[in-house]
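Data block below; observations after.
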Amino acid sequence: MAVSSPLVVVGSVNADIYVEVERLPVEGETIAARSGQTLPGGKGANQAACAARLSYPTFFCGQVGLDGHANLVKDALASAGVRLDHVNTVDSPTGHAVVMLQPGGKNSIIIVGGANVAWPKLEDGISRLTANAQQLIKRAGAVLLQREIPDAVNLEAAKVAKSAGVPVIMDAGGAEGPIPEELLKHVTVLSPNESELARLTAMPTNSLEKILLAAAKVQEMGVQQVLVKMGETGSVLVSGKEPPIYQPAILAPTVVDTTGAGDTFTASYAVALIERQTPAEALRFAAAAASICVRSKGAMPSMPERKAVLQLLKEHPLTEEKLSPPDEKVSRFLQCRHRDGAAATKIETPNRVDSKPNGFQGQASPNQHMPKVMEGLKIGIVGFGTFGQFLAERICGQGHEVVALSRSDYRDVARRLGVSFHRDVNAFCDEHPDIVIMSASIISTETVLRSLPVERLKPDTLFVDVLSVKGFPKQLFLTILPPQFDVLCTHPMFGPNSGRASWAGLPVVYERVRIGEGARMDRCNRFLDIFSSQGCKMVEMSCGEHDVHAAGSQFITHTVCRILGKMKLESTPMNTKGYEDILRLAETGEADSFDLYYGLFVHNPNAVQELQRLETAVACLKKELFGHIQHTSGEQAFSVAKRVAEVSMC
Ligand code: NAP
């Protein structure tokens, strides 16, 4: 390896303040962490440390402050073997991040830019990079960029690199805004994950077909190659007119912490490319490095040494076996892109890793995950009453497989809808649906959920509820379900009456309560697609917020309809339009089960208050009416008072 062409990483360096928590605090809440620790991090520094740990000569260009964190991060980079000749010290705190680590390896991060974003604002044409740094970039094997420093600095580095024919690899992570077009034109390989790709292109990325379309759009923006990281699902490289190359993930037996896995992947890929590995070999090398990274906590500390990566690759030898060919739509897309006939029409999968058995650690084999992106989902519905059947019909219509469970015998209706039906919980769970929808009545949900032998289900099952209250099922799922299960709370705010003809424009409220990354997020998005593809208005909102709004709207609607129903209103020969509306409302009052209405009341803490407001409003109105009696003439007032007294006695 030529020391004269090092990897130059221009980017951020942070002190990552880790707190291990059972769950995230809600607004106004203080919770105790299980532990706390400060570790070096930042996307730029992570990638530099990763490359150096892989024994590739690596320089880091970045900025730190004059504080204790600066020493911590510089020591860590130096001990990983990173050259720090081009690190500036500026009058701002060293960048830092608070990483909230939750059970199951999920994390939430807050970043303070500090020195990372305190690059001088200079006139156009004057470089923020020192002359020495520019010289270094010009003789680099590749320059690696991310998005935690100003775009202007990245652009300068990219321009210097491109002018010297040095490839620029850019990780799209670190900032949410669009990447300036001029910068993209200087990037050789852009590496986003699925959500970054979706943000960059404003295109959906919830299937491989859609990812390829979005990657093609990025190429139209001027980037030569797009390397999409798909977490547990693997990665795909889209380059020029070549057929895309797909690399399955090499799955870890236990995922401890995914922080830094994306950085490890990008940096390892960069190293492998400079070392002149083929793109397919580089993808495989990167997959192995990322797999090692997720097995221990922290970003930098979990980055692998080269010998560990080589060892893992040895344990996962290449086989001739190919993955299932992509579905028809992907093939059509590829044919269309390569209609000049120069390139293959199907995704090459040169690097197949051995699949591992499904453990209870939220891991699945690549073969199980990749085809799932393309195939229909297997969806279980628990509670096959009015709403369960209504949902099943639409879900089946979209090509998914539905299996239902209910205490009553719905075999006939299930047969008509093309649904497999069970009354036995074990038989239902043994069907191993990808997703289980809870659609039992609100008041029976806890009993029904506790009756399910969830250990018979797939270890990474996604549980979705459709209850008309939200805080209650969320709490129930988090308490009862195994922590490896994903949880999505939804409320389709319509039913067989209002959604009979079309779902277009009808609201669906949802909260992604606990959804893993990669294929798990993809599965969740595909579930939400069942509604969005029908034109539903998708409203992402916390369960708590939903319940506040629902008590003031839905519960009141049900209550008023039921009150009108109880008044036994009748049609007259002289109905006004307004009265016709009232009659219709009175009819709908009894359309939903009393269980549903009672559930809205008893499991939404805000409902009592709304009932109180309704009573107060009626009382106020009565008071206003009766208060006016004193302004009417003596005889009239007497007659009204008499009628009121008579009615009150009935
Ligand atoms: P529901 O009366 O709320 O629920 C009926 C379902 O609950 C049936 O599947 C029934 O099973 C099951 N169930 C009731 N008590 C049970 C018990 N003790 N043990 C086991 N299962 C029991 O009416 P729904 O309209 O079908 O609503 C289902 C869910 O969807 C509710 O949570 C509701 O909030 C939600 N939702 C409904 C609508 C709507 O417009 N209807 C809209 C959005 C969301 P069996 O039939 O087998 O007895």
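Read the numbers this way: they start at 1 and go in the same order the structure lists the ligands and their atoms.
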Polar contact flag, side-chain donor to acceptor under 3.5 angstrom, Thr447-Ser444: no
Output yes when the distance from some N or O of ligand 1 to some N or O of [X] is under 3.5 Å, and no in every other case.
{"X": "Ser468", "result": "yes"}
{"X": "Gly388", "result": "no"}
{"X": "Pro496", "result": "no"}

Number the atoms of ligand 1 from 1 as they appear, then name those within less than 4.0 Å of a heavy atom of [X], with their elements.
{"X": "Ile442", "value": "32 (O), 34 (O)"}
{"X": "Pro492", "value": "42 (C), 43 (C)"}
{"X": "Gly385", "value": "8 (C), 9 (O), 26 (O)"}
{"X": "Thr386", "value": "25 (O), 26 (O)"}
{"X": "Gly495", "value": "40 (O)"}
{"X": "Asp592", "value": "40 (O), 41 (N)"}
{"X": "Phe384", "value": "9 (O)"}
{"X": "Gly383", "value": "9 (O)"}

May I ask you to identify the nearest protein heavy atom to [atom], giving residue, atom name and distance to one decimal place in Å?
{"atom": "atom 35 (C) of ligand 1", "value": "Val466 O, 3.4 Å"}
{"atom": "atom 47 (O) of ligand 1", "value": "Ser406 OG, 2.7 Å"}
{"atom": "atom 22 (C) of ligand 1", "value": "Ser444 OG, 3.4 Å"}
{"atom": "atom 7 (O) of ligand 1", "value": "Ser441 N, 2.7 Å"}
{"atom": "atom 27 (O) of ligand 1", "value": "Phe387 CB, 3.7 Å"}
{"atom": "atom 48 (O) of ligand 1", "value": "Arg407 NE, 2.6 Å"}
{"atom": "atom 2 (O) of ligand 1", "value": "Ser593 OG, 2.5 Å"}
{"atom": "atom 46 (O) of ligand 1", "value": "Tyr410 OH, 2.4 Å"}

I'd like to know whether ligand 1 has Phe494 as a neighbour, heavy-atom separation below 4.0 Å. yes
Less than 4.0 Å is my threshold; does some heavy atom of Phe390 fall inside it relative to ligand 1? no
Between [X] and [Y], is there a side-chain N and carboxylate O pair less than 4.0 Å apart?
{"X": "Glu196", "Y": "Lys229", "answer": "no"}
{"X": "Glu176", "Y": "Arg147", "answer": "no"}
{"X": "Glu22", "Y": "Arg34", "answer": "yes"}
{"X": "Asp547", "Y": "Lys470", "answer": "no"}
{"X": "Lys577", "Y": "Glu580", "answer": "no"}
{"X": "Lys474", "Y": "Asp465", "answer": "no"}
{"X": "Lys210", "Y": "Glu194", "answer": "no"}
{"X": "Lys458", "Y": "Asp434", "answer": "yes"}
{"X": "Lys297", "Y": "Asp257", "answer": "no"}

Protein heavy atom under 4.0 angstrom of atom 38 (C) of ligand 1, is there one? yes
Parallel, tilted or perpendicular: ring planes of [X] versus [Y], cut at 30 and 60 degrees:
{"X": "His546", "Y": "His491", "answer": "perpendicular"}
{"X": "Phe494", "Y": "Phe390", "answer": "perpendicular"}
{"X": "Phe555", "Y": "Phe601", "answer": "parallel"}
{"X": "Phe594", "Y": "Tyr598", "answer": "parallel"}

Please report whether the ring centroid of Phe531 lies less than 6.0 Å from that of Tyr510. no
The one among [options] that brings a heavy atom closest to [atom]:
{"atom": "atom 21 (N) of ligand 1", "options": "Ile443, Leu467, Val448, Asp465", "result": "Val448"}
{"atom": "atom 45 (P) of ligand 1", "options": "Gly599, Ser439, Ser408, Ser498", "result": "Ser408"}
{"atom": "atom 29 (C) of ligand 1", "options": "Ala591, Ala440, Ser451, Ala404", "result": "Ala440"}

